[in-house]
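The structure under discussion appears below in the form of structure tokens.
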2 protein chains.
Amino acid sequence: EDVVVSGVALDKNQARIVVSDLPDRPGTAAMLFNALAGAGISVDTIVQGPGIDGKARMTFTVPREDIYRAEKALKESFPDDDFSGRVFEAYEIAKVSVVGVGMRSHSGVAATLFDALAEAGINIQLVSTSEIKISVGVEPDDAEEATRVVHKAFGLGE
Amino acid sequence: EDVVVSGVALDKNQARIVVSDLPDRPGTAAMLFNALAGAGISVDTIVQGPGIDGKARMTFTVPREDIYRAEKALKESFPDDDFSGRVFEAYEIAKVSVVGVGMRSHSGVAATLFDALAEAGINIQLVSTSEIKISVGVEPDDAEEATRVVHKAFGLGE
Ligand SMILES: C[C@@H](O)[C@H](N)C(=O)O
Ligand SMILES: C[C@@H](O)[C@H](N)C(=O)O
């Protein structure tokens, strides 16, 4: 298909929070997001894959300045006696996104994007897609280098 | 913010594949997607959160008819002696998406969406977001019920 990658965007203001060992049953995601919405925390990206052995992990990104408020709201959302095993890992992350029209399938664009990052020795911490976009999360220290190599890989100049 | 949820979309033709116990180092995602792109497999959604203890999981969705070809291409992409521990789980999935303009933050819309599914006893297997959309993956048997309760939750009629 004729995919035209028109640009690369960089967002250095995000933090990602991973909540793991979640009970993979109806109501868990609702509890977490009622807590975040109730605290007025703006969530940019939400990522969750299928659970394994009844446990799931949810990852989401929030503005860096909200990282502590978000963590507090989440911790308070669990019933007192049920806090065991929830791992909250909050770190800063840089989000690099490739934007393109006609991206009905992501495999070719993803292969080019992931190849460019691999050759630069940059580890991919997060992947999220939409019809027109593939976003990856990388270490903040890798943000500029990642943006540069991805620009180059898609022929958008240095 | 003024979010207007304008519609609910249902895609019943997807299958999701989870590849776990992946080495969380540069090059892994590139290897998988070179295999998928090389086999001409169209990938709709890609989901990955941060790895834990050096191991990561990637989830992606492909058209149902491509599920076996995709699994074969992935298995063949691992070097012969390095196949241990990769878990391939391929199942059919139904994707229900809420589309809205002005969705700069997902927390309020996500809370409403997740609440509606929780009250209907529908388990969320996958979550993926974009600027204008939140998509969830559910059991194919729950597809119609999920679409109905989400329509209702956002005042879009039954
Ligand atoms: C993990 C979480 O998404 C859970 N499966 C739920 O439906 O709420
Ligand atoms: C798991 C995979 O995304 C790996 N971190 C990579 O960079 O390829």
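Numbered from 1 within each chain, the chains take letters A, B, ... in sequence-line order. Below, each value reflects all heavy atoms present in this structure, side chains not excepted, and no hydrogens, waters or symmetry copies.
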In terms of heavy-atom pairs under 4.5 Å with chain B, which of [options] leads?
options	value
A/L117, A/D115, A/V136	A/D115
A/E131, A/E119, A/M31	A/E131
A/I46, A/D24, A/L126	A/I46
A/G51, A/G40, A/G49, A/G38	A/G49
A/D44, A/T28, A/L36	A/D44

Could you have a look at [options] and say which one has the most heavy-atom pairs with chain A under 4.5 angstrom?
options	answer
B/A111, B/S42, B/P50, B/A30	B/P50
B/A37, B/G27, B/S107	B/S107
B/I52, B/L32, B/V62, B/I134	B/I52
B/A35, B/S135, B/P26	B/P26
B/G121, B/G108, B/A116	B/G121

Approximate separation, where rounding is to 0.5 Å, of [X] [atom1] and [Y] [atom2]:
X	Y	atom1	atom2	answer
B/N34	A/F114	CG	CZ	10.0 Å
B/E65	B/I41	CD	CD1	10.0 Å
B/I132	A/S130	CD1	OG	7.5 Å

Quick one: what part of [X] sits under 4.5 Å from any heavy atom of chain B, side chain, backbone, both or neither?
X	value
A/I122	backbone
A/I124	both
A/E89	side chain
A/A56	neither
A/T59	side chain
A/M58	side chain
A/V47	both

Original post:
Cluster question for you: counting only ILVMFWY and a side-chain heavy-atom cut-off of under 4.5 Å, with indirect links fine, are B/V150 and A/F33 together?
Top reply: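 Yes.
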**OP:** Could you state whether A/V127 and A/L113 fall into the same hydrophobic cluster, counting links through intermediate Ile, Leu, Val, Met, Phe, Trp or Tyr residues with side-chain heavy atoms under 4.5 angstrom apart?
**Re:**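 Same cluster: A/V127 reaches A/L113 through Ile, Leu, Val, Met, Phe, Trp or Tyr contacts under 4.5 Å.
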**OP:** May I ask you to decide whether B/E71 forms a salt bridge with B/K75, counting only side-chain N to carboxylate O separations under 4.0 Å?
**Re:**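 A salt bridge is present here (some side-chain N lies under 4.0 Å from a carboxylate O).
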Original post:
Would you call A/R148 and A/E144 a salt bridge, taking side-chain N to carboxylate O under 4.0 Å as the test?
Top reply: no
**OP:** Under the side chain to side chain donor-acceptor pair (under 3.5 Å) rule, what do B/Q14 and B/E92 come out as? Steps first, then yes or no, please.
**Re:** CA-CA 6 Å; B/Q14 300 274 329; B/E92 298 179 348; over 6 Å; no
Would the distance check show the side chain of [X] and the main-chain N or O of [Y] forming a donor-acceptor pair, the cut-off being under 3.5 Å?
X	Y	result
A/T61	A/R16	no
A/R57	A/L22	no
A/R64	A/K12	yes

